[in-house]
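Quick notes on the structure that follows.
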Amino acid sequence: MTTDSIKIYKFGGASVKNAAAFRNLANIVKSHGGERQLLLVVSAMGKSTNALELVMDQAYKQEDFEAAFQQSKAYHFEVVQELFPEPESLVYHRLEELFLHLHSDLQRLLPTDNYDKAYDQMVGYGELLSSTILHHYLQEQQLANTWVDSRKYIQTDDTWREAKIDWPSTERLIKRDLLPLLEQQLVVTQGFLGGTKAGLTTTLGREGSDFSAAIFAYSLDAGEMCIWKDVEGLLNADPKHFRDTVCYTEISYQETVEMAYYGASVIHPKTIKPLANKQIPLYVKSFLNPTGKGTKICDCRFDKPAPAYIIKENQCLISFGVKDFTFISEKNLEAIFNALSELRIKINMMQNSAISFSVCSDFHEERLHCLIQILKDQFIIHYNTALSLFTVKNYDSESVNRLTENKEILLEQRTRTTYQFVSR
Ligand code: ASP
Ligand code: MG
């Protein structure tokens with residue numbers, strides 16, 4: 001079923017963080033992309049999404065956002081100046097234009113009472129900027145390519161900041177236009193972005209560019225997809241927190257999806273399903289060592305991979321106690337779940353006892369306060385913040401000991417394959 005000759009490369013923020021990174025990227029495309037039809041999905045440069053979030057935040061609060069705006073602009077222009085010594089290069093005009101539009105959007109769309117909608121219109125500029133630079137740079141490197149606006153292809157609803165994909169239209173549009181295009185040349189497009197029927201920009205959730213790449217891979221029936229990262233491949237733990245990490249050479253879709261679900265930051269959790277549905281192998285490779293083996297994620301079966309250690313930070317633990325010494329009932333749970341679902345608070349772990357029910361979730365201050373407002377008449381509510389959720393997948397006693405050593409455990413759970421606890 002797959003159009004085997006099509007390959008999708010996803011380059012994250014770190015692979016376009018400065019001029020040297022752009023040069024390295026172009027070399028990877030030259031030496032590894034060659035024989036295939038190639039579509040490149042790129043994230044915003046370095047940490048520029050965070051920077052744009054800050055600009056957006058200040059504008060939203062009616063504060064002076066000019067300094068932060070200029071800083072982000074300067075960052076992009078510095079990189080461009082290094083890559084394009086020719087001052088007449090078209091890329092300068094394109095970038096000026098994009099920053100001009102962003103600036104006018106910041107004034108035009110704010111103030112608003114719909115923060116999330118405004119967020120999508122503004123924060124998405126990061127990818128428009130990086131993909132524009134990449135398009136021009138590859139062009140200059142004799143890598144003929146077309147810049148494609150992913151908002152015209154990845155069709156979504158208007159769940160701002162976490163848009164849901166309209167798969168049938170997305171697949172149809174991508175097939176219709178990009179299949180013929182890829183036969184002629186490289187395609188460069190943005191991660192993270194989608195578009196509504198009304199022509200507004202949506203975003204697919206932070207770190208969503210992996211998912212974007214998988215949407216293109218699925219829609220094109222690609223032969224493979226590759227995520228280029230600053231680590232060797234898919235590791236069993238984050239090297240920032242653990243020594244002696246192991247890189248999996250081959251691992252199943254299932255294992256990977258579970259690791260992403262528990263909070264491993266390697267791959268966006270929504271990436272795997274579209275690939276698994278069409279059996280498209282996913283490679284994770286290092287852009288610092290492009291000839292390295294990396295990891296292949298596919299439909300393989302292995303007995304027991306090395307234990308994976310995952311830490312999800314910024315968690316809060318909320319417990320709901322009944323007020324009248326009756327037991328926690330299904331009616332109570334229904335009220336709690338309804339409120340959580342309405343406020344889009346995702347449960348990462350939960351547990352009930354006779355008279356209370358506890359939930360560990362990502363901490364969102366406003367949502368937590370709304371939750372308390374809704375449920376405070378029915379329950380006694382306690383919560384702790386600044387916690388971490390630790391998970392060991394495929395645990396054994398040694399890995400559990402290694403992780404729990406010297407930690408105060410607030411909530412704990414164990415299945416046959418997975419051990420989890422919440423701690424400070
Ligand atoms: N630039 C977006 C972010 O930083 C999307 C991505 O990098 O995947 O969240
Ligand atoms: Mg990023």
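The first residue in the sequence is number 1, and the count goes up from there. Each ligand, and each atom within it, is numbered from 1 in the order the structure gives.
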Original post:
Sub-3.5 Å donor-acceptor pair from the side chain of Ser131 to the main-chain atoms of Thr189, do we have one?
Top reply: no
Original post:
Of the listed options (Met45, Glu53, Glu127), which comes nearest to atom 1 (N) of ligand 1 when hydrogens are ignored and any heavy atom counts?
Top reply: Glu127
**OP:** Please say whether Lys10 places an N or O atom under 3.5 Å from an N or O atom belonging to ligand 1.
**Re:** no
Subject >> Sub-4.0 Å atoms of ligand 1 with respect to non-hydrogen atoms of Thr49 >> reply: 1 (N), 2 (C), 3 (C), 4 (O)
**OP:** Indicate yes or no for a side-chain donor-acceptor contact from Thr203 to the backbone of Asp120 under 3.5 Å, with no hydrogens or angles considered.
**Re:** no
N/O donor to acceptor pairs below 3.5 angstrom from side-chain atoms of residues 91-102, sequence neighbours left out:
unit_1, atom_1, unit_2, atom_2, d
Tyr92, OH, Phe84, O, 2.7
Glu96, OE1, Lys73, NZ, 3.2

Original post:
Under a 4.0 Å heavy-atom limit, does His268 contact ligand 1 with its side chain, its backbone, both, or neither?
Top reply: neither
Original post:
Is the gap between the ring centers of Phe65 and His103 under 6.0 Å?
Top reply: yes
Subject >> Donor-acceptor contact present, side-chain Thr196 to main-chain Leu200, <3.5 Å >> reply: yes
Subject >> Sub-4.0 Å atoms of ligand 1 with respect to non-hydrogen atoms of Ser209 >> reply: 5 (C), 6 (C), 7 (O), 8 (O)
Original post:
Could you give all pairs that pass the side-chain hydrogen bond (donor to acceptor under 3.5 Å, both in side chains) test and reach residues 53-63, with sequence neighbours left out?
Top reply: Glu53-Tyr119, Glu53-Arg206, Asp57-Tyr115
Original post:
Judging by distance only, is a nitrogen or oxygen of Gly208 under 3.5 angstrom from one on ligand 1?
Top reply: yes
Original post:
Going by the order shown, which atoms of ligand 1 are within less than 4.0 Å of some heavy atom of Arg206?
Top reply: 3 (C), 4 (O), 9 (O)
Subject >> Numbered atoms of ligand 1 (with element) below 4.0 Å of Ser43, judged on heavy atoms >> reply: 6 (C), 7 (O), 8 (O)
